[in-house]
Amino acid sequence: IVFVLCLLTTLGITYSGLFDARNTDTWEEDHALLANASLRTGRDDDAIRHARATLEMNPGRADMQAVQAQAHFNRWALSGEPKSISPEQAEELLQLTRLGSADEPQLKAVVGIYQWKLGQNKTALATWGSVATTNALARLCLIRTGRSTPPEELELARYQEDPSFPLLLALSRPEHSPADSQAVARFIDAILQAVEGEGMNEARR
């Protein structure tokens, strides 16, 4: 589990480099820079606070929507073992992440995670499938839900620049470290666990 926690810390910090602060307005830019800096240093609550302040001044900042979405995901999934969340919380996180993922394809895997937790299984599979050839987290989710096999050696090379590559590598090559592979499997299973109280009928989605 120590192996996974170390990788998750790196994952949260690495993803924060995807989001840019671009506006030149002083107050807006200050909050945007602080939001990105907070995300890079693992201060997710501060990242959310500064991203919200930026969005109050400029609601059109998709990059700040992405910062918010990533920080919420980090706070829930990457700080130890993921906790159970309610259907309402999962739905709120899904809507928030959709706003950010419009411009940040890396967040598509997270969108799929919330969809799966809410019982939107077919939709989640399609979401992961849309980015799975280059997004290691999406591929991991497809593997653990039985919709994909681990990548072969040549295929695995496509993911080397992805923040989740070490997790995919550990799961795909269990012979190298069975304990690490099992820890990654448990982590993915935990974040995909269905929310309590939510029906699983795909037809109503």
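In what follows, every heavy atom counts, from backbone to side chain, and hydrogens, waters and symmetry copies are set aside.
With sequence neighbours excluded, the residues forming a side-chain hydrogen bond (donor to acceptor under 3.5 Å, both in side chains) with Thr127 are Gln115, listed by chain and number.
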Can you list the steps and then say if His72 with Arg75 is a side chain to side chain donor-acceptor pair (under 3.5 Å)? CA-CA 5 Å; His72 276 289; Arg75 191 167 65 174; 3.3 Å; yes
Evaluate side-chain contact (heavy atoms from CB on, under 4.5 Å) for Val195 paired with Glu91, printing each intermediate quantity in order. CA-CA 10 Å; Val195 294; Glu91 185 65 47; over 6 Å; no
Kindly determine whether Asp44 and Gln70 satisfy side-chain contact (heavy atoms from CB on, under 4.5 Å), including the steps that lead there. CA-CA 9 Å; Asp44 297 312; Gln70 184 64 52; over 6 Å; no
Show, in sequence, the C-alpha distance, side-chain angles and deciding distance for Ser181 and Arg173, and conclude whether the side chain to side chain donor-acceptor pair (under 3.5 Å) test is met. CA-CA 7 Å; Ser181 178; Arg173 301 293 179 268; over 6 Å; no
Asp189 and Gln193: side chain to side chain donor-acceptor pair (under 3.5 Å), yes or no, with the steps? CA-CA 6 Å; Asp189 291 347; Gln193 184 176 4; over 6 Å; no
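A salt bridge links Glu155 and Arg139; the closest N-O separation between the charged side-chain nitrogens and carboxylate oxygens is under 4.0 Å.
Side-chain contact check for Leu118 versus Leu94: some heavy-atom pair is nearer than 4.5 Å. At a threshold of 4.5 Å between non-hydrogen side-chain atoms, the residues Gln106 and Pro163 count as touching. Annotation: side chain of Cys141 is in contact with side chain of Leu192 (closest heavy-atom distance under 4.5 Å). Contact check for Leu39 versus Asn74: side-chain heavy atoms found under the 4.5 Å cut-off. Contact of the Trp128 side chain with the Ile113 side chain is registered, since non-hydrogen atoms from C-beta on lie closer than 4.5 Å. In this structure, Arg43 and Thr41 have side chains that are in contact, with non-hydrogen atoms separated by less than 4.5 Å. Taking the side chain as every heavy atom from C-beta outward, Leu168 and Ile143 approach each other to under 4.5 Å. With a 4.5 Å cut-off on side-chain heavy atoms, Thr123 and Trp116 do not count as touching.
Heavy-atom minimum distance, Pro178 versus Glu175: CD-O, 4.3 Å. Scanning all heavy atoms of the two residues, the minimum distance from Gly112 to Ala124 falls at O-CB, 3.4 Å. Closest approach of Asp46 to Ser38, counting heavy atoms only: CB-OG, 3.4 Å. Nearest heavy-atom pair, Leu78 versus Phe187, reported as atom, atom and distance to 0.1 Å: CD2-CZ, 4.0 Å. Taking both residues in full, the closest heavy atoms of Asp162 and Asn135 are given as OD2-CA, 3.6 Å, listed atom of the first, atom of the second, then distance. For Leu107 against Gly100, the heavy-atom pair with the smallest separation is CD1-C, 3.9 Å.
With values rounded to the nearest 0.5 angstrom, Lys117 atom NZ is found 10.0 Å from Leu93 atom CG. Atom-to-atom distance recorded for Arg158:CZ and Thr134:OG1 is 9.0 Å, nearest 0.5 angstrom. Between the CG atom in Leu167 and the CG atom in Leu171 there is a gap of 9.0 Å [rounded to 0.5 Å]. The CG atom of Leu33 sits 10.5 Å away from the CD atom of Glu28 when rounded to the nearest 0.5 Å. Distance OG1/Thr97 to CD/Glu92: 10.0 Å, rounded to 0.5 Å. Interatomic distance, OG of Ser148 versus CG of Leu142, reported as 5.5 Å (0.5 Å rounding).
With Gln89 contributing its side chain and Ser86 its backbone, the two residues share a donor-acceptor pair below 3.5 Å. Of the possible donor and acceptor atoms, one in the side chain of Arg147 sits under 3.5 Å from a partner among the backbone N and O of Thr145. Checked by atom type and distance alone, the side chain of Asn36 pairs as donor or acceptor with a backbone atom of Ala32 at under 3.5 Å. Judged by distance alone, the side chain of Ser101 and the main-chain N or O of Glu104 form no donor-acceptor pair under 3.5 Å.
Residues Leu156 and Val131 fall into different hydrophobic clusters, defined by Ile, Leu, Val, Met, Phe, Trp and Tyr side chains chained together at heavy-atom separations under 4.5 Å. By the criterion of side-chain heavy atoms lying less than 4.5 angstrom apart, applied directly or through intervening Ile, Leu, Val, Met, Phe, Trp or Tyr residues, Val184 is grouped together with Tyr159 in one hydrophobic cluster. When hydrophobic clusters are built by joining Ile, Leu, Val, Met, Phe, Trp and Tyr residues whose side-chain heavy atoms come closer than 4.5 Å, directly or via intermediates, Leu34 is not grouped with Val67. Linking Ile, Leu, Val, Met, Phe, Trp and Tyr whenever their side-chain heavy atoms come within less than 4.5 Å leaves Trp76 and Leu99 in two separate clusters. Connection of Leu96 to Ile191 is not established within any shared hydrophobic cluster, with ILVMFWY side chains joined at heavy-atom distances below 4.5 Å, either directly or through further cluster members.
The aromatic rings of His31 and His50 sit tilted, their planes meeting at an angle between 30° and 60°.
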